[in-house]
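One structure is given below, encoded as structure tokens.
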Amino acid sequence: MKTLVGDAQPSRAPHEGPLQQPEIMRIRGGRPLRGRVEVKGAKNLVTKAMVAALLGETTSTLRDVPDISDVNVVRSLLEVHGVTVDDGDEGTLHLDPSGAVSAHFEEIDAHAGASRIPILFCGPLLHLLGEAYIPDLGGCRIGDRPINFHMDALRAFGAVVEKSYEGIRLSAPGGLHGADIRLPYPSVGATEQVLLTAVRAEGVTELRNAAIEPEIMDLIAVLQKMGAIISYEPNRVLLIEGVESLRGYDHRAIFDRNEAASWAAAALATDGEIFVGGAKQQAMLTFLNVVRKVGGDFDIREDGILFRRGERGLRAVTVETDVHPGFMTDWQQPLTVALTQAHGRSIVHETVYENRLGFTDALVKMGADIVVHPHGLEGGARRVPRRELEQAAVINGPTPLHGADVVVPDLRGGYSYVIAALAAEGESTVRNIGIIRRGYEKLFAKLDHLQADFDVVR
Ligand code: EPU
């Protein structure tokens, strides 16, 4: 049962409230989560498809848009740039770019919040207006998160990049032309940057070492609907033939597989049973294999996937994060909570970001036995020597978890704290919940529905 304290009111039932408040959750754990949750469109596609609407000459319609703060950030950034964004039926946005205008650092900065999305406005704005501004970028604090791949790609298209104390100004005095680009690493954002720029650049762009995540493929589908010509060649090569104009699209976003994996991990961690409506097998094959290896069970149905522990309980696994089709970095944090309840020694190698295991400190505070090796493991245990960023977390389980006072560090880490607190005996205080609502729609309502016992303090 959930009660609200402080001056919170049970407004939108169950309330989701304004998104930017420093909310605190008090969670009384130790009981399984049971029930059904629905996942909508993927945060990591929806926000990019919204930016793509800038490239069209007519209105675009995007469906299954989740009510999360990252979507609100992109919405206000589009509005600052003169795009009209209207709500249609639940989860539908209509985006009309016909009034697009330039915006300045301060305006963009004021609306961007902690988001890294402004960087993806560059290509479309350069095509549309001949200039673009990017303030200092935020995003989750999970590493340096540089933007060198983005800037190098934009320069290859002919953009001029000028840095100032306010941020970066880009212009394209000679227009943008197709380029041969090889990414040093298959970066999701840099691949999107190239796609959003190349579709309207003059000539052909060849992008090698591209990211091929399902959300990227869905963005390609959006762009194809708009009139773009993009071919997906073997070996991570994308060929983009620039076209003179694009129209609006009508698209239903791919489901959020990161959210789906998060609820799956919650079922395993709390020994509950969660049906994730809208989840589909194809984009989650790698995750599902790990669920099976760790002793979880799943049942794939027409309208979603049911997750629970198998009869023999959880067993230790070794996973390494990687680009698609590997195990996503966004999955490792929630999974780590479940691994604290698995029998034996699990290892999580993080190879995508240099600082995505720091969240384990709070799990240790809650009773987990986790040791982080910041430079990876030595010798035979070192599975992934191919990237300098490798770090490893060694998790010995099972260990009972107990309540603690923890502060959310980033989106996925924060969600992990919530499920750790739900799995733990006693009461936990989880602070800075607003960060989690960047990417988890109706978090409180869903937890309520799963019979979690918590209060929200505002
Ligand atoms: N990188 C560079 N230079 C660049 C760009 C990236 O060195 O110019 C490095 C990064 O520092 C990192 C690696 O490349 O070590 C991968 O970064 P990538 O560009 O692939 O990530 P991203 O586009 O910034 C998106 C998602 C992340 C998700 C990653 C990996 C969005 C808005 N964000 O980030 O999602 O973890 O891809 O799949 O799409 C999340 O949802 O919680 C989240 C952080």
Side-chain angles (χ1 to χ4, degrees), residues 29-30 32-34 37 39 257-276 279-301 304-322 324-352 356-357 359-360 363-364 366-373 377 381 383-384 391-401 412-413 415-424 450:
L33 293 184
R34 288 185 198 286
V37 291
V39 293
R257 65 202 174 110
N258 291 342
E259 186 181 354
S262 300
W263 291 116
L268 299 187
T270 64
D271 199 7
E273 188 169 293
I274 301 180
F275 182 81
V276 185
K280 294 192 174 65
Q281 179 181 17
Q282 205 62 42
M284 298 192 75
L285 290 173
T286 305
F287 181 78
L288 293 172
N289 284 336
V290 171
V291 169
R292 187 157 277 159
K293 285 201 262 185
V294 78
D297 195 11
F298 54 86
D299 189 4
I300 295 163
R301 300 190 186 154
I305 307 180
L306 176 73
F307 293 94
R308 60 166 101 80
R309 285 189 195 174
E311 278 169 14
R312 290 191 292 134
L314 299 183
R315 308 184 279 278
V317 286
T318 293
V319 292
E320 65 198 49
T321 64
D322 210 336
H324 188 76
F327 190 88
M328 276 208 81
T329 167
D330 303 271
W331 298 337
Q332 62 89 349
Q333 289 152 303
L335 180 77
T336 297
V337 181
L339 294 180
T340 67
Q341 303 310 305
H343 286 264
R345 192 175 86 134
S346 295
I347 305 176
V348 174
H349 297 272
E350 170 59 49
T351 79
V352 178
R356 218 178 191 179
L357 292 174
F359 78 104
T360 56
L363 300 184
V364 171
M366 297 173 97
D369 176 353
I370 304 177
V371 177
V372 172
H373 299 259
L377 296 172
R383 296 230 318 186
V384 274
Q391 322 121 71
V394 177
I395 305 134
N396 283 303
T399 47
L401 299 179
R412 308 291 167 197
Y415 177 91
S416 306
Y417 290 1
V418 170
I419 57 173
L422 289 162
L450 296 172

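Since this is a predicted model, take the numbers as computed values, not measurements.
With sequence neighbours excluded, no residue forms a salt bridge (Lys or Arg N to Asp or Glu O under 4.0 Å) with Arg315. Asp369 is linked by a salt bridge (Lys or Arg N to Asp or Glu O under 4.0 Å) to nothing, counting only residues two or more places apart in sequence or in another chain. The side chain to side chain donor-acceptor pair (under 3.5 Å) test applied to Gln332 returns Glu350, not counting sequence neighbours. Not counting sequence neighbours, the partners of Arg308 by the side chain to side chain donor-acceptor pair (under 3.5 Å) test are Glu273, Asp297.
Paired with Val348 under the rule side-chain contact (heavy atoms from CB on, under 4.5 Å), one option of Val372, Ile370, Leu339 passes, and it is Leu339. Of the candidates Leu268, Ile419, Val418, Pro334 forms a side-chain contact (heavy atoms from CB on, under 4.5 Å) with just one, namely Ile419.
Two residues are said to be in side-chain contact when any heavy atoms from C-beta on lie closer than 4.5 Å; His349 and Thr318 meet this criterion. In this structure, Val394 and Leu377 have side chains that are in contact, with non-hydrogen atoms separated by less than 4.5 Å.
Checked by atom type and distance alone, the side chain of Thr270 pairs as donor or acceptor with a backbone atom of Leu33 at under 3.5 Å. Between the side chain of Arg345 and the backbone N or O of Val317, no donor-acceptor pair lies under 3.5 Å.
When every heavy atom of Glu320 is checked against every heavy atom of Phe327, the shortest pair comes out as O-CB, 3.5 Å. Minimum heavy-atom separation, Val337 to Ala269: CG1-CB, 3.9 Å. Smallest separation of non-hydrogen atoms from Ala264 and Phe287: CB-CE2, 3.6 Å. Of all non-hydrogen atoms in Ala266 and Tyr415, the two that sit nearest each other are CB-OH, 3.7 Å. Minimum heavy-atom separation, Ala316 to Ala342: N-CB, 3.9 Å. Nearest heavy-atom pair, Met284 versus Ala261, reported as atom, atom and distance to 0.1 Å: CE-N, 3.7 Å.
The line from CD1 of Ile300 to NZ of Lys280 is 12.5 Å long, rounded to the nearest 0.5 Å. Here the CD1 atom belonging to Ile305 is positioned 6.5 Å from the CD atom belonging to Gln281, to the nearest 0.5 angstrom. Going from atom CE of Met328 over to atom CG of Leu335 covers 13.5 Å, rounded to the nearest 0.5 Å. Atom CG of Leu363 sits about 10.5 Å away from atom CG of Leu357, to the nearest 0.5 Å. Distance check: Arg412 CZ to Thr336 OG1 gives 13.5 Å after rounding to the nearest 0.5 Å.
Within the structure, no pair that satisfies the side chain to side chain donor-acceptor pair (under 3.5 Å) test touches residues 285-296, not counting sequence neighbours. For residues 257-267, every residue pair satisfying the side chain to side chain donor-acceptor pair (under 3.5 Å) rule, not counting sequence neighbours, is listed here: Glu215-Arg257, Asn258-Trp331, Glu259-Trp263, Glu259-Lys446, Ser262-Tyr440.
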Does Leu288 form a side chain to side chain contact (heavy atoms under 4.5 Å, CB included) with Phe307? I'd like the steps, not just the answer. CA-CA 10 Å; Leu288 293 172; Phe307 293 94; 3.6 Å; yes

